[in-house]
Amino acid sequence: MKIKKLIVDSIQEAVEEVRALYGSEAVILSTRVVKQKLIPFLPFPKSSKLEITVGIPDKEDFATELKKEESLYQEINRLKENLKEVMDLVKKQKLEKEEPKKDDLESEYSIRALHLMNKLINRGVSRDVAQKIVESACGYDFELKRLDLKGENIESLIEGFSKNIKLVENFPEEGFSVITLLGPTGVGKTTTIAKLAYMLKNKGKRVGLITIDSYRVGAVEQLRTYANIMELPFRIADTPYRLRECIGELSSLDLVLVDTGGRSQYDEIRIRELSPFFAKLPALKAYITLGANAEERVQYEVIESFSFVEPAGLIFTKLDETNYFGTTINVAYRTQLPVLCFTTGQRVPEDLIMASYEYLAKIFLGVA
């Protein structure tokens, strides 16, 4: 709003002059009486006048500005929509480049090979990974003029998995070793530790148990109970120094299993609290424990968060809680970390299966 001042003889004159000069939208903001000299170079005589302060609205009023702003937002929304269309087009082109069209696959693979590929995809294996696995199990059939499985389904899957997925071999290794399980809260590390301890004891190994989980209520007692039932030595370590002491006390055994408290993969501070426990710890084998029922991208986040200790491999739990366990194959294939074992329920020690290509083939064919 612009401000103007006028000198008039009366308020009526002021109203008329304001309308004439500035239009009907101008307003009189204030008035005051002033004295003016009748003859400029003489102090007297003086006459009384009215000084009027006039407010003149800017030509671009609020409504106009609002309209401009709305127009700007509309333009931004149009740009967003255009950008979304471009991104969708890029994604579509990328997918079309990465994933062969069905017609292309049908001309490249036999019906048997395609059927096996679909079994993997229906269980959650990514299309590109499924194709790689099946391709590894195929040879060229000159009669069909297509790639065909070299053997029966189970034999083909075993061969395909063996060429693309790594498994932990020679577990446990000869000599003393320290094995720990890292992973998020609720993934089943403690029960998996107990299952592994039972399995190893049955193999004639001398096993000790240590817990550093001082946060979770009942965690210590849970592992102590398992240790008592299996008649295994048990220790509690609440500091990195105490952990080294406990490992020293149990160093005459074949191996020690260390249970850790769960940490959210998004809680970087609490994850880093674990680092001093395992820094430069000799003979350490750290396995990242993942829930097979978690989203694939979450599994990658867990691996990234807990890789402050170089992982020796992966453990997949809760295989019984999802029908789409193909994500385990995707993760193992893309990270190239070897798989140690799977758990298929809460029962200790029954629900533990050491990873094998035969077992993988059977669960995808529904014969496990």
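Basis for what follows: all heavy atoms, side chains included, without hydrogens, waters or symmetry-related copies.
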From the options Ile193, Leu232, Val348, select the one residue that forms a side-chain contact (heavy atoms from CB on, under 4.5 Å) with Tyr226.
Val348

Student check: side-chain heavy atoms of Asp259 and Ile210 closer than 4.5 Å:
no

Could you tell me how the ring of Phe325 sits relative to the ring of Phe364: parallel (under 30°), tilted (30 to 60°) or perpendicular (over 60°)?
perpendicular

Does Arg272 offer a backbone N or O that forms a donor-acceptor pair with the side chain of Ser275 under 3.5 Å?
no

Charged N-O contact under 4.0 Å between Glu296 and Arg334:
yes

For Asp254, is there an ion pair with Lys205 - N to carboxylate O distance below 4.0 angstrom?
no

Side-chain heavy atoms of Val129 within contact of Asn164, under 4.5 Å:
no

Are Lys195 and Thr343 close enough that some pair of their side-chain heavy atoms sits under 4.5 Å apart?
yes

Check: Ile179 and Phe171 side chains under 4.5 Å, non-hydrogen atoms
yes

Quick one: do Glu135 and Lys163 make a salt bridge, cutoff under 4.0 Å?
no

Tell me whether Lys150 is salt-bridged to Glu155, with the criterion being a basic N under 4.0 Å from an acidic carboxylate O.
no

Contact check, side chains of Val220 and Phe234, non-hydrogen atoms, under 4.5 Å:
yes

Measure the shortest side-chain to side-chain distance between Leu290 and Val331 over non-hydrogen atoms and say whether it is less than 4.5 angstrom.
yes

When rounded to the nearest 0.5 angstrom, what distance separates CD1 in Ile315 from CG in Leu196?
5.5 Å

Would you say Ile329 and Phe161 make side-chain contact, with heavy atoms under 4.5 Å?
yes

When you check the side-chain N and O atoms of Thr53 and Lys5, is any donor under 3.5 Å from an acceptor?
yes

Any ion pair linking Glu245 and Arg235 (charged N to carboxylate O, less than 4.0 Å)?
no

Check: Ser110/Asp148 side-chain N/O donor and acceptor closer than 3.5 Å
yes

N/O donor-acceptor pair under 3.5 Å between Thr180 side chain and Val258 backbone
yes

Could you tell me if the side chain of Ile303 sits less than 4.5 Å from the side chain of Leu314, heavy atoms only?
yes

Cationic N near anionic O, under 4.0 Å, Glu301 to Arg297:
no

Count the heavy atoms of every other residue, nucleotide or ligand shown that sit under 6.0 Å from NZ of Lys166, and state whether that count exceeds 12.
no

Closest heavy-atom pair and its distance - Ala292, Thr327
O-OG1, 3.7 Å

Any sub-3.5 Å donor-acceptor pair from Asn330's side-chain atoms to Gly124's backbone N or O?
yes

Which distance, rounded to the nearest 0.5 Å, do you find between the NZ of Lys285 and the CG of Leu181?
14.0 Å

Intermediate values then yes/no, side chain to side chain contact (heavy atoms under 4.5 Å, CB included), Phe278 and Thr260:
CA-CA 11 Å; Phe278 302 111; Thr260 62; 3.7 Å; yes

